[in-house]
2 protein chains.
Amino acid sequence: MEASAEVSAPVASRRRGEALRRAIFDAVIEQLGSVGYAKLSTNRVAAAAGTGKAALYRRWSNKEELVRDALLDLLPEPPRVDLSASLRDGLLAQLTYLNSTLFDSKGAAFQAFAAAAADQPSELRAFLHETVSVPCQERIAELLRLHTAVPDKDRPLIAAAGPAMLMYHCMSGSLKSTDTQIEAVVDGLLLPLCRER
Amino acid sequence: MEASAEVSAPVASRRRGEALRRAIFDAVIEQLGSVGYAKLSTNRVAAAAGTGKAALYRRWSNKEELVRDALLDLLPEPPRVDLSASLRDGLLAQLTYLNSTLFDSKGAAFQAFAAAAADQPSELRAFLHETVSVPCQERIAELLRLHTAVPDKDRPLIAAAGPAMLMYHCMSGSLKSTDTQIEAVVDGLLLPLCRER
DNA sequence: AATTTAGTGAACCAGTTGGTTCACTATAGG
DNA sequence: CCTATAGTGAACCAACTGGTTCACTAAATT
């Protein structure tokens with residue numbers, strides 16, 4: 001008898017709490033990737049999440065806060081510096097992380113990055129720089145410190161070159177860099193620079 | 001008597017032809033620099049040019065065409081490769097050109113570049129790439145060919161590094177690179193890369 | 001001088017936006 | 001079961017957009 005009552009219980013139809021938040025974040029990221037940041041609208045995010053704007057504004061006070069939180073949720077922590085890995089492998093790992101971070105999810109994070117750069121001044125730009133670029137550069141600089149004789153004063157410039165190349169790649173109209181292209185940056189640019197000292 | 005008639009002749013009040021076109025282009029560039037590409041509107045461009053939207057649409061069929069033409073008018077031709085200059089001076093000249101091109105006029109061209117990168121797919125992005133980045137890279141590659149032993153297959157990567165660094169610089173929230181920073185890219189990155197071979 | 005051309009300013013249109021409010025109600029918690 | 005909470009869907013608002021049209025008229029051309 002109880003088994004029969006369970007079978008016929010109505011299926012929950014409203015998402016609440018974390019489930020709805022998940023759906024909203026997914027919608028933001030999807031919209032960033034498909035229409036870009038400038039054309040991302042709360043109307044469309046709500047529709048894509050299968051909810052209404054009122055639900056968005058219950059949790060976030062404005063659009064920028066929503067997008068920032070969705071990106072914060074999306075962006076992975078940069079990989080730790082693996083002490084046992086070679087310099088080359090370490091550099092490959094950092095640039096592969098950055099490549100994936102920026103360009104996965106149809107380039108949602110890169111879209112946000114470029115849009116932020118085109119919007120002055122921008123908290124979002126600062127946020128993305130501090131959350132993505134700076135950690136990546138710092139880890140690359142750490143690898144240089146551990147494995148090379150590059151002087152302190154030269155490290156920031158070299159550390160920035162990898163990320164710079166990946167972003168330039170996409171600003172020039174290409175898509176996500178391939179593994180081969182990342183290897184070319186490491187082997188053809190970063191490693192030679194380290195050996196030069 | 002004739003001198004007297006000249007003094008009292010009415011001053012022309014409506015701009016026509018090239019004068020109005022100039023004013024419109026100036027307004028576009030100013031708006032790109034101040035509100036960025038996403039927020040640039042035909043309403044505001046017309047107002048800033050001291051004219052009406054009808055005058056814009058008489059000449060350009062849409063907003064994108066207007067912006068493209070204004071940028072085409074703004075962007076200077078990259079400096080020719082000076083055969084008598086040293087490699088360092090040649091590289092400095094090309095990167096200084098790129099820096100000025102992208103970041104003068106309150107960064108109007110860079111604004112457009114970043115916005116285009118955030119808008120997929122984009123004719124504007126292709127246009128800017130072909131008009132700005134590609135010529136600069138080609139001239140840098142030519143300098144490498146003239147002055148260094150860098151093999152053919154390595155030149156594109158190295159040639160891209162300078163422009164990449166300048167753009168990354170601004171995407172990270174900084175403004176136009178200083179001469180010192182450009183020199184650092186040349187002396188700390190490009191020249192060492194060339195010597196490595 | 002008469003005619004043509006292009007500039008002006010205003011009005012118009014449909015569409016969209018970020019943000020707000022509301023009545024209703026599913027859902028969770030007591 | 002009752003109460004509180006949060007989700008839903010709709011409606012609303014002022015503002016703004018790209019693009020269009022129009023009557024008038026300054027300016028150029030014939």
Side-chain angles (χ1 to χ4, degrees), chain A residues 5-6 8-28 31-32 34-70 112 115-116 118-119 122-124, chain B residues 5-6 8-28 31-32 34-70 112 115-116 118-119 122-124:
Chain A
E6 280 179 352
S8 64
V11 178
S13 61
R14 279 187 188 182
R15 292 152 307 175
R16 291 195 129 225
E18 181 59 26
L20 184 58
R21 191 171 143 275
R22 177 85 267 135
I24 293 169
F25 280 173
D26 287 348
V28 169
Q31 284 294 301
L32 271 179
S34 59
V35 304
Y37 184 88
K39 295 197 173 86
L40 178 142
S41 73
T42 52
N43 274 336
R44 265 196 299 259
V45 164
T51 186
K53 282 199 287 187
L56 303 190
Y57 285 96
R58 182 177 288 275
R59 296 153 187 264
W60 297 282
S61 49
N62 58 54
K63 174 181 157 183
E64 182 160 323
E65 190 178 314
L66 165 62
V67 173
R68 203 199 58 222
D69 278 4
D119 182 22
S122 168
E123 285 192 15
L124 185 61
Chain B
E6 279 179 353
S8 64
V11 177
S13 62
R14 278 187 190 181
R15 293 152 307 175
R16 291 194 127 223
E18 181 59 25
L20 184 58
R21 191 172 144 274
R22 178 85 264 133
I24 293 169
F25 280 174
D26 288 348
V28 169
Q31 285 292 302
L32 272 179
S34 60
V35 305
Y37 184 88
K39 295 199 174 86
L40 178 143
S41 73
T42 53
N43 275 337
R44 265 197 299 261
V45 163
T51 186
K53 282 200 284 188
L56 302 190
Y57 285 95
R58 182 178 289 276
R59 295 152 186 266
W60 297 282
S61 49
N62 58 54
K63 175 182 160 185
E64 182 161 320
E65 188 178 313
L66 165 62
V67 173
R68 203 199 58 222
D69 278 5
D119 182 22
S122 171
E123 284 190 16
L124 186 62

- Give, for atom CZ of Phe25(B) and atom CD of Glu18(B), the distance between the pair rounded to the nearest 0.5 Å. 8.0 Å

- Query: With no hydrogens and no angle check, is any side-chain donor or acceptor of Arg44(A) less than 3.5 Å from a backbone partner on Val35(A)?
  - Reply: no

- Task: Would you mind telling me which of dT27(C), dA27(D), dT17(D) lies closest to the side-chain atoms of Arg44(B)?
- Result: dT17(D)

- Task: Could you tell me the separation between the NZ atom of Lys53(A) and the NZ atom of Lys63(A), rounded to the nearest 0.5 Å?
- Result: 11.0 Å

- Message: Using whole Å, what does the distance between atom P of nucleotide dA28(C) and atom CG of Leu20(A) come to?
- Response: 13 Å

- Between atom CZ in Arg58(A) and atom P in dT21(C), what is the gap in whole Å? 12 Å

- Note on the structure: Which of Val45(A), Leu56(A), Asp69(A) passes side-chain contact (heavy atoms from CB on, under 4.5 Å) with Val28(A)? It is Val45(A)

- Note on the structure: note: Lys39(A), atom NZ; dG18(C), atom C1'; distance rounded to Å ~ 18 Å

- Is a side-chain N or O of Arg15(A) found less than 3.5 angstrom from the main chain of Arg22(A), in a donor-acceptor match? no

- Message: Looking at Lys53(A) and dG19(C), is any side-chain donor or acceptor paired with a base atom of the opposite kind under 3.5 Å?
- Response: yes

- Query: Among dG18(D), dG7(C), dG18(C), which nucleotide sits nearest the side chain of Lys63(B)?
  - Reply: dG18(D)

- Message: Using heavy-atom distances to pick each residue's nearest nucleotide on DNA chain D, tell me which of Thr42(B) and Arg15(A) is more 5'.
- Response: Arg15(A)

- Task: Return no unless some side-chain N or O of Arg59(A) is found under 4.0 Å from OP1 or OP2 of dG7(D).
- Result: yes

- Message: If you only use heavy atoms from C-beta on, which nucleotide in dT8(C), dG9(D), dG19(D) is closest to the side chain of Asn62(B)?
- Response: dG19(D)

- Task: Identify which nucleotide among dT8(D), dG9(C), dG7(C) has an atom closest to any side-chain atom of Ala54(B), counting heavy atoms from C-beta outward.
- Result: dG9(C)

- Between dT20(D), dC22(C), dT17(D), which one does the side chain of Tyr57(B) approach most closely? dT20(D)

- Message: Using a 4.0 Å heavy-atom cut-off, does Ile24(A) contact any base of the nucleic acid, only the sugar-phosphate backbone, or nothing at all?
- Response: nothing

- Just checking Leu40(A): base, sugar-phosphate only, or nothing, at a heavy-atom cut-off of under 4.0 Å? sugar-phosphate

- Note on the structure: Ranking dA26(C), dT25(D), dT8(D) by distance to the side chain of Arg14(B), first place goes to dT25(D)

- Item | Whole angstrom value for the distance that separates C1' of dG19(D) from CG of Leu66(B) | 13 Å

- Task: Identify whether any heavy atom of Arg21(B) sits under 4.0 Å from a base atom; if not, whether one sits that close to sugar-phosphate; answer base, sugar-phosphate or nothing.
- Result: nothing

- Message: Looking only at the side chain of Asn43(A) (C-beta and beyond, no hydrogens), which of the listed nucleotides dG7(C), dT17(C), dT8(D) gets closest?
- Response: dT17(C)

- Task: Taking only the side-chain heavy atoms of Ser41(B) (C-beta and beyond), determine which of dT8(D), dG7(C), dT17(D) contains the nearest atom.
- Result: dT17(D)

- Message: Tell me whether the side-chain N/O atoms of Thr51(A) come closer than 4.0 Å to OP1 or OP2 in dG7(D).
- Response: no

- Message: Distance check needed: dG7(C) P versus Arg16(B) CZ, whole Å only.
- Response: 6 Å

